[in-house]
Amino acid sequence: MTSSRAMNIPPLAQLALLFFTLLLPGTQALLAPTTPDAGSALNLTFDPWTRTLTWACEAAAGNVTVTSCTVISWEAGIQWQLLPFGCRCWFRRMMALHHGVTLDVNGTVGGAAAHWRLSFVNEGAAGSGAENLTCEIRAARFLSCTWREGPAAPADVRYSLRVLNSTGHDVARCSAHPDPGDDAITQCIADDLSLLGSEAYLVVTGWSGAGPVRFLDDVVATKALERLGPPRDVTASCNSSHCTVSWAPPSTWASLTARDFQFEVQWQSAEPGSTPRKVLVVEETRLAFPSPAPHGGHKVKVRAGDTRMKHWGEWSPTHPLEAEDTRVSGAVLYAVTACAVLLCALALGVTCRRFEVTRRLFPPIPGIRDKVSDDMRVNPETLRKDLLQP
């Protein structure tokens with residue numbers, strides 16, 4: 001930590017003050033709050049966990065007035081200014097500190113403009129801190145973080161991870177030390193994400209008996225951490241002309257709409273050396289396409305992607321593209337035949353009953369009987385001759 005106070009001071013006094021500040025200790029290991037600067041009238045102290053810059057109220061109670069605070073980190077692209085509250089300045093926004101930051105305080109002393117500066121540095125040898133910190137939200141329910149030992153890390157280095165939300169609450173912490181002879185911890189898994197918000201502060205600190213170890217931190221948007229799982233309920237079927245594949249979106253930790261998803265469907269022949277075919281599907285969970293030739297022997301799989309983050313999730317298990325079985329089973333054929341016979345019997349019964357009822361309601365009209373011609377004892381030929389005689 002270094003600190004200086006710039007007012008109307010003669011050049012010789014400024015040189016002496018600069019020499020004095022260079023001798024002050026730097027940032028404490030493991031992101032401990034900075035030691036109050038005895039060379040500053042305000043005794044500035046910065047707590048990296050809470051991002052709070054404080055000063056001695058006794059000093060400010062006299063003729064010292066603080067008007068603004070500024071935090072600067074050119075490597076991280078940070079330059080924020082805010083007004084003090086009481087005897088402190090709280091930087092609400094989370095920020096990465098492993099590059100070091102400069103904290104400027106502006107004010108007046110006895111009515112004259114004054115400026116104080118506190119430098120927060122990342123102590124430790126170059127290469128001693130963790131590298132390649134990567135965190136992912138998997139299966140919509142747990143956070144997995146991994147990192148790598150620094151190339152110049154001491155042999156007895158021990159790393160610890162903390163994940164904090166924007167309010168400073170711990171979401172995950174891995175600080176258990178391995179047994180002697182074991183490798184340093186390089187991963188951490190948290191299965192309770194109830195406190196995780198839209199942003200997270202990740203920091204890997206280190207400890208070694210050989211001296212300070214640099215820390216590594218980052219501020220990330222939690223939606224960018226999510227890795228989508230495979231789509232759910234994938235089904236595939238084909239007929240003589242087309243195949244149809246359907247699925248359901250994967251479960252997610254973040255709230256996503258249908259427009260946030262995109263899907264990729266890939267099918268390929270089981271023959272060695274065959275070329276897979278892919279189709280991009282947006283805002284749909286179903287795809288129909290001509291049946292690939294030759295029929296049978298093809299497999300299909302689906303994966304989901306986030307249209308905002310431009311990365312893909314895991315593939316679903318493969319499903320065979322098989323033609324639907326159009327053969328009718330013996331049981332179905334027997335049932336259909338029995339139903340047909342029963343329907344015919346019922347139709348015949350209804351028809352016969354209807355004829356009988358009709359005959360009863362409308363009996364045939366009897367013909368007029370001729371007493372002469374209808375007599376069986378009269379010969380028709382004789383009767384005809386008799387009638388023809390004059």
Side-chain angles (χ1 to χ4, degrees), residues 1-124 126 164 166-168 199 201 203 205 212 214-219:
M1 178 190 69
T2 61
S3 177
S4 64
R5 173 180 174 180
M7 296 186 296
N8 296 326
I9 304 176
L12 184 60
Q14 290 185 9
L15 182 61
L17 182 59
L18 177 61
F19 178 78
F20 177 78
T21 55
L22 292 175
L23 297 179
L24 292 176
T27 304
Q28 303 302 306
L30 306 183
L31 271 74
T34 55
T35 303
D37 180 15
S40 170
L42 294 182
N43 292 331
L44 296 175
T45 303
F46 179 65
D47 185 352
W49 291 116
T50 61
R51 306 180 300 281
T52 304
L53 177 65
T54 58
W55 52 87
C57 290
E58 298 79 8
N63 59 352
V64 178
T65 302
V66 176
T67 57
S68 67
C69 302
T70 306
V71 58
I72 302 172
S73 175
W74 302 120
E75 294 83 354
I78 297 173
Q79 187 174 8
W80 303 331
Q81 186 178 44
L82 70 158
L83 299 178
F85 180 79
C87 298
R88 66 186 179 95
C89 283
W90 175 49
F91 298 95
R92 184 183 301 271
R93 295 175 59 184
M94 294 185 291
M95 53 186 165
L97 301 172
H98 66 275
H99 293 295
V101 294
T102 300
L103 300 141
D104 289 337
V105 177
N106 296 314
T108 60
V109 176
H115 175 78
W116 298 269
R117 171 166 290 181
L118 179 68
S119 294
F120 181 86
V121 297
N122 191 355
E123 272 197 346
L164 292 87
S166 58
T167 60
E199 283 189 327
Y201 177 67
V203 56
T205 56
R214 290 190 177 184
F215 66 89
L216 174 66
D217 64 346
D218 195 11
V219 178

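We number each residue from 1, following the sequence as shown.
- Between Phe46 atom CZ and Leu118 atom CG the span is 8.5 Å, to the nearest 0.5 Å.
- Considering NE2 of His115 and OG1 of Thr108, their distance stands at 14.0 Å, rounded to 0.5 Å.
- Side chain of Arg51 to main chain of Trp90: no donor-acceptor pair is present (N/O by atom type, distance under 3.5 Å, no hydrogens or angles).
- Taking each heavy atom of Pro48 and Leu97 in turn, the nearest pair found is CB-CD1, 3.5 Å.
- A 4.5 Å side-chain heavy-atom check between Glu123 and Arg214 finds every atom pair outside the cut-off.
- In this structure, the side chains of Asp217 and Tyr201 come closer than 4.5 Å at one or more pairs of heavy atoms.
- Taking the side chain as every heavy atom from C-beta outward, Met95 and Trp80 approach each other to under 4.5 Å.
- The two residues Cys89 and Pro84 come nearest to each other via the heavy atoms SG-CA, 3.5 Å.
- Here the straight-line distance linking atom CG of Leu44 with atom OG of Ser119 works out to 10.5 Å at 0.5 Å rounding.
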Q: Please report the C-alpha distance between Ile78 and Phe91 in whole Å, then the side-chain angles of each, then the deciding distance to 0.1 Å, and finally whether the side chain to side chain contact (heavy atoms under 4.5 Å, CB included) criterion is met.
A: CA-CA 11 Å; Ile78 297 173; Phe91 298 95; over 6 Å; no
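- Side-chain atoms of Gln81 and Ser68 form a donor-acceptor pair, as typed in the model, at a separation below 3.5 Å.
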(Q) Determine whether Trp49 and Leu164 satisfy the following criterion, side chain to side chain contact (heavy atoms under 4.5 Å, CB included), listing intermediate values before the conclusion. (A) CA-CA 9 Å; Trp49 291 116; Leu164 292 87; 4.0 Å; yes
(Q) Is there a side chain to side chain contact (heavy atoms under 4.5 Å, CB included) between Leu42 and Val64? Walk through the geometry before answering. (A) CA-CA 9 Å; Leu42 294 182; Val64 178; 3.6 Å; yes
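- Under 3.5 Å, the side chains of Asn122 and His98 contain no donor-acceptor pair of N or O atoms.
- With respect to Thr50, the side-chain contact (heavy atoms from CB on, under 4.5 Å) criterion is satisfied by exactly one of Thr54, Leu53, Thr52: Thr52.
- The distance from the CZ atom of Arg93 to the OG atom of Ser166 is 12.5 Å, given to the nearest 0.5 Å.
- Rounded to the nearest 0.5 Å, atoms CH2 (Trp55) and CZ (Arg88) are 9.0 Å apart.
- Thr70 OG1 to Leu82 CG: the interatomic distance, rounded to the nearest 0.5 Å, is 7.5 Å.
- Annotation: side chain of Ile72 is not in contact with side chain of Val101 (no heavy-atom distance under 4.5 Å).
- Using modelled atom types, no side-chain atom of Arg117 and backbone atom of Thr102 make a donor-acceptor pair closer than 3.5 Å.
- Nearest heavy atoms, Gly100 versus Ser73: O-OG, 3.3 Å.
- Looking at heavy atoms from C-beta onward, Asn106 lies out of side-chain contact with Val66 at the 4.5 angstrom threshold.
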